[in-house]
Amino acid sequence: MAVTEKNILKRLYFVAGCMFIFALLVVFKLVNIQFVQGEQYRGLAEKRTLKTVDIPANRGNVYSADGSLLATSVPKYDIRIDALTPTAKNFKKYLKPLCDSLAKFHGKTSGHYQKAIRKARQDKNRYFLLARNLGYSEYLRFRGFPMLNLGAFKGGLIVEQKTKREHPMGGIAERSIGYERFDEDGNVTRAGIDGAFGEQYLRGANGRRLKQQIGKGQWKPVSDANEVEPQDGYDVYTTIDVNIQDIAHHALLEQLEKYKADHGTVVVMETKTGEIKAISNLGRNTKGKYYERLNYAVGESHEPGSTFKLMALAVALEDKVVDTSTVVDTENGILTFYGKKVRDSKRGGYGKISVAKAFEVSSNTGIVKAIHNSYKDNPKKFVDGLYDMNLQNTLDLPIIGEGKPVIPDPRIKNGLWSGIALEWMAYGYNVKVTPLQALTFYNAIANDGEMVRPRFLREVKEFGNTIEFFDKQVINKNICSKETVAKLQKLLTNVVEKEHGTGNGLYAENFSMAGKTGTAQTEYWMPDWDENKRYISSFTGYFPAENPKYSCIVVIHKPDVSVGYYGADVSGPVFKKIAQKIYTDTPIIDAIEDLEEKHVSVERSYETYYDVAKTYKTIMPDLKGMPAMDALVLLENMGMKVRLQGMGKVVKQSVTSGSKLKPKQTIVLELS
Amino acid sequence: MQLLFNNLKGDRLIWAIAALLAIFSFLPVYSAASNLAYISGDGDTFNYFVKHFVHLFLGFAIMYGVHKVPYRYFRGLSMVMIPVVLVLLAATMFQPETSESLTNTRRWIKVPIVGFTFQPSTLASVVLMVYVARYLSKIKDKTVTFKETILPLWLPVFLVLVLILPANFSTTAIIFTMVMVLAFLGGYPIKYLLLILLSGVVAFSLFILIAKAFPDAMPNRIDTWASRIENFANGEDTEADYQIEKAKIAIASGYIKGVGPGKSIQKNFLPQSSSDFIFAIIIEEYGLIGGLFLMTLYLLLLFRIVIASHKADTIFGKLLVIGVGIPIVFQALINMAVAVELFPVTGQTLPLISSGGTSIWITCLAIGIILSVSARRQEIKEQKEREDNPLEILSETI
């Protein structure tokens, strides 16, 4: 096999030539891909790799008037484990420590978890739930657990974050603070303030970010900034006062529990401005516990009963067809119209009494008679009178689901009007209003005839800057003449103040209240009413009586009649409690004159201290008689160590005065 | 620096090409690293940069060291190294399976103490080529029978190939091809070569049959090759197709000028974007211009290898240069051919450009050997000149 150099080279050129041709082929193919097939592949490039991701905006917070947080969004975490991911070695090694940690966290046994997770691994469960709705700090704790701390790819940790709306004040006013909730079909439930102002203020606008795929299921942002920045929702400052809210909530709750009532509501409103200071709605669940169930104050229209006598008298007084001194005959306490009877709660009635007294003792027959006598020929006029005081209108609240008032009108053929409609309206039947509507009317009386709209919102802010401010809204500048208002105010005051008044049980010497009790039968149309009597007990009024600051309504539905059912007994105490607490919580002294009152002995000891500190630097001063506090500071400033024995002033020092001190020398001071 | 430069022996152009390739390699490796860094979460791409730099630095140290060794020593060294390589390959093949990664585990061996992984098959190819070159040069003046060559030549070759085959078919095929080319160049009778080719095909078929009969023995590699080759032939939609499509999208989006350094999108989707499919990513980022530049560098290297072989003073030298040089260029061309779908997916790296220590070091070793041969030639020339006319040298240096 004779091999010559020439031979090798010849063959080498051949091989190199082949490779060169191969290289040319590669280049040819390359150019072909770029120019012939280029368009197609460039089109694919975009389609496959980019997507737009929504960045949810942070929902604004809901605050109380004083800035307490009522509703806020917090991140919550669900922790799961992919039971297949950990290697057999890791699984064996870390399962027990992990389960020990879990057991400690949840309070179940470690064995329980070991069994469950083993089973999950056996069943090839890659999505085994370990904990739900963890807060951030709990979530961090979980991340540190054995096995889970190996991360997603080795430990099988799966974390899902979601945002939850929380009410830091707990169940208090929960229903009125509300929520905005979306179900899977995209339907939305909006309750309370959070729901009402969600779209307008709280929600904000979602941002957008362009992301590029970097492998299976992983996306990275294309640029540093978001394509559209999310616009966080505005914060909403409500008119709710947490203190009053707290008082109202607990006063109502206590009474509901006492009377085993079905549900009840309390609203406290600032007279001048219409700001809702507190709104509490408690309903009973099947277990007999009360919670913020529905917004009864806003949503529930019902027959108000005696509360409505104020509205009836307001119309009559305004029309000057009745005066407070007009005498009516209560006729043994029973009146009959078309076979239907109006009864007084007091058997035998009150005889012949003035309209004022009829109101104060809440005589049904007295008020009905007065209205019947005045309007029987022209009931339209009475209805118009109610209309003039805006009683037929809703309050146009932002909160969804306000109940509509119902007032029968002889001109409207809707089946509501009847021969007895006028008389029954006079004492609060056949008409329906919501507690908030009734309160608004009472508030107007307290506010000298100016009817203001109840308001839940004070301000809308973004990062502490006011975006929108809400002012008082007047519904009706004068619902009736000043004269009428004055008369009605007097009547309401008398209900509490006069001994015969139904609200006299609320009377307190040191502060004044005004209001009207209401004890309305409800569900009386049902056949079982006689054996199972049901009432709506209420108290509506304002305080202090002479210069009203707040008005308040308390409505309690279906109290246990064996315990009691009169408005004065059931709802009155709630009202009183709220009024009293708000009243006593208001400071009587506005400001303290001078906090910096100089005390002679303090002055003197300071001067001695100052003198000694100036003179002595390295020589022991005479500290006898000096307060321990001063002596200590003095010596330590000189760089000494001090040990104190006893309390009070220095009586003995371990180093005599005038002797030279070494740095960091310990000096013992005896005190007495 | 100056001193180091003066100490560089051998073909300066080869040095220059190697250096250019090394410098160029930072761009795609650094770019591909951005995703690895993003996924791993620490966002630190600098690590990858440093790692690649260390790989290259060690590679060039190897290159420098090897080129200082007179190439005649490689003769004997290859004899010693063959058993070492065989042991290493066997150790790799029979190492216990680790669960860290499901694919390719049996291509790598972990070096104890240092802790990095190493691919013995790459080393084996260089050693084998040197061995074959040695044998061919040894028999250059003899007439050999086929039988005579079986034991000293083909037995080691087949042993090496058999040990690589189960884990890495494409490398086996390339080494086999290269050995055949070298034997052809070295004047080994063509009829014997055909016989070897035939027996190679038969052995391979036999291997497939055995593997199919005992599927547990050779986990899933064979299916991969089968599907890759089938897929190349009929174009069904499989994972390899997915890779190829992405590579083509990358090439198409690069167009003439490229999208710019680090801006590649397809690197996110091409598995092995910093090694197997790096050519596609280079074209995406640097365009046709970048691709052609790289191609030119490799062809220039081929040209210099031919020159070095031409100038080599002995037959062994010539064959040595060819034996270790041609595979570098061949592998580069295969890698490029895969990216443009001229060749089925093989998993061959782009020498000196792709990240990965073993590939870089072995390429540097090979280039070091070539330089050693060309340095010898220089030496002889200088010696001659010194003997001939010292004045002439003087005038040349001035």
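Each chain gets a letter, A, B and so on, in the order its sequence line appears, and its residues count up from 1.
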For the rings on Y192(B) and W154(B), is their centre-to-centre separation under 6.0 Å?
no
Are F145(A) and F142(A) an aromatic pair, judged by ring center distance below 6.0 Å?
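Aromatic pair counts; centres sit under 6.0 Å.
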Interface moiety of L30(A) toward chain B, non-hydrogen atoms closer than 4.5 Å
both
V15(A) versus chain B, heavy atoms under 4.5 Å apart: side chain, backbone, both or neither?
side chain
For S73(A), which of R59(A), R165(A), K164(A), E166(A) qualifies under side-chain hydrogen bond (donor to acceptor under 3.5 Å, both in side chains)?
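Output: one option passes, namely R165(A).
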At a heavy-atom separation under 4.5 Å, does [X] approach chain A through its side chain, its backbone, both, or neither?
X       : value
L288(B) : both
I326(B) : both
V306(B) : both
I256(B) : both
L302(B) : side chain
K248(B) : both
M336(B) : both
L299(B) : side chain

Indicate yes or no: does K104(A) engage D100(A) in a salt bridge with an N to O separation below 4.0 Å.
no
Among A252(B), S137(B), S253(B), which residue has the highest count of heavy-atom pairs closer than 4.5 Å to chain A?
A252(B)
How close do F330(B) and M19(A) get, heavy atom to heavy atom, and via which atoms?
N-CE, 3.4 Å
Exceeds 12 heavy-atom contacts within 6.0 angstrom, atom [atom1] of [X]:
X       : atom1 : result
K162(A) : NZ    : yes
Y13(A)  : OH    : yes
R143(A) : CZ    : no

